[in-house]
Amino acid sequence: MSRIATALSDGRVYLLRQGFTTVDILVASPFQKSTDLIPDEASIRVWVDRVAGQPPVRGAATADAAEAGGGGTG
């Protein structure tokens, strides 16, 4: 967790300097599935929320919820 906090400590809003990337999606994913795993670190909590609010992540979450609710084909 300290590497995530360190990456965010310089004021950036995503893990890499170029902005929102798949790295954010991949690293934040476990926290979004199990919110009790999010450390008690404000910068990490804010970052997880920010990633969750991105359109590709919201779209995936909506699709997952629909499939879990019986809306899937498989």
Side-chain angles (χ1 to χ4, degrees):
M1 296 315 138
S2 65
R3 287 185 179 198
I4 296 170
T6 299
L8 298 171
S9 70
D10 65 1
R12 69 181 98 168
V13 294
Y14 296 108
L15 295 178
L16 301 180
R17 294 190 192 284
Q18 56 263 55
F20 178 67
T21 67
T22 55
V23 170
D24 294 290
I25 295 171
L26 292 171
V27 176
S29 178
F31 299 128
Q32 293 166 349
K33 296 290 183 184
S34 300
T35 57
D36 57 315
L37 295 177
I38 301 173
D40 192 25
E41 174 76 37
S43 63
I44 296 175
R45 289 184 178 280
V46 169
W47 166 74
V48 170
D49 288 343
R50 185 178 300 116
V51 171
Q54 289 296 315
V57 178
R58 284 194 327 256
T62 301
D64 285 349
E67 187 171 316
T73 58

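- Taken together through direct or relayed side-chain contacts under 4.5 Å among Ile, Leu, Val, Met, Phe, Trp and Tyr, Val46 and Phe20 form parts of separate hydrophobic clusters.
- Using a cut-off of 4.0 Å between Lys/Arg side-chain N and Asp/Glu carboxylate O, Arg50 and Asp24 are scored as not salt-bridged.
- To the nearest 0.5 angstrom, Gln32 atom CD is 9.0 Å from Asp49 atom CG.
- The main-chain N or O of Asp36 is never found under 3.5 Å from a side-chain atom of Ser34 such that the two would form a donor-acceptor pair.
- Put simply, the side chain of Gln54 reaches to within 4.5 Å of the side chain of Tyr14, judged on heavy atoms.
- The local environment of CG in Asp40 is sparse, with at most 12 non-hydrogen atoms from other residues, nucleotides or ligands closer than 6.0 Å.
- A heavy-atom distance below 4.5 Å is not found between the side chains of Val51 and Phe31.
- One finds the CG atom of Leu8 at 5.5 Å from the CG atom of Leu15 (value rounded to the nearest 0.5 Å).
- Two different hydrophobic clusters hold Ile44 and Leu26 under the rule that ILVMFWY side chains link at heavy-atom gaps under 4.5 Å.
- Closest heavy-atom contact between Pro39 and Arg45: O-NE, 3.4 Å.
- A distance-only check finds no donor-acceptor pair linking the side chain of Arg58 to the backbone of Ala52 [under 3.5 Å].
- Hydrophobic clustering places Ile4 together with Leu16 (ILVMFWY residues linked when any side-chain heavy atoms are closer than 4.5 Å, directly or through intermediates).
- Contact of the Trp47 side chain with the Ile38 side chain is not registered, since no non-hydrogen atoms from C-beta on lie closer than 4.5 Å.
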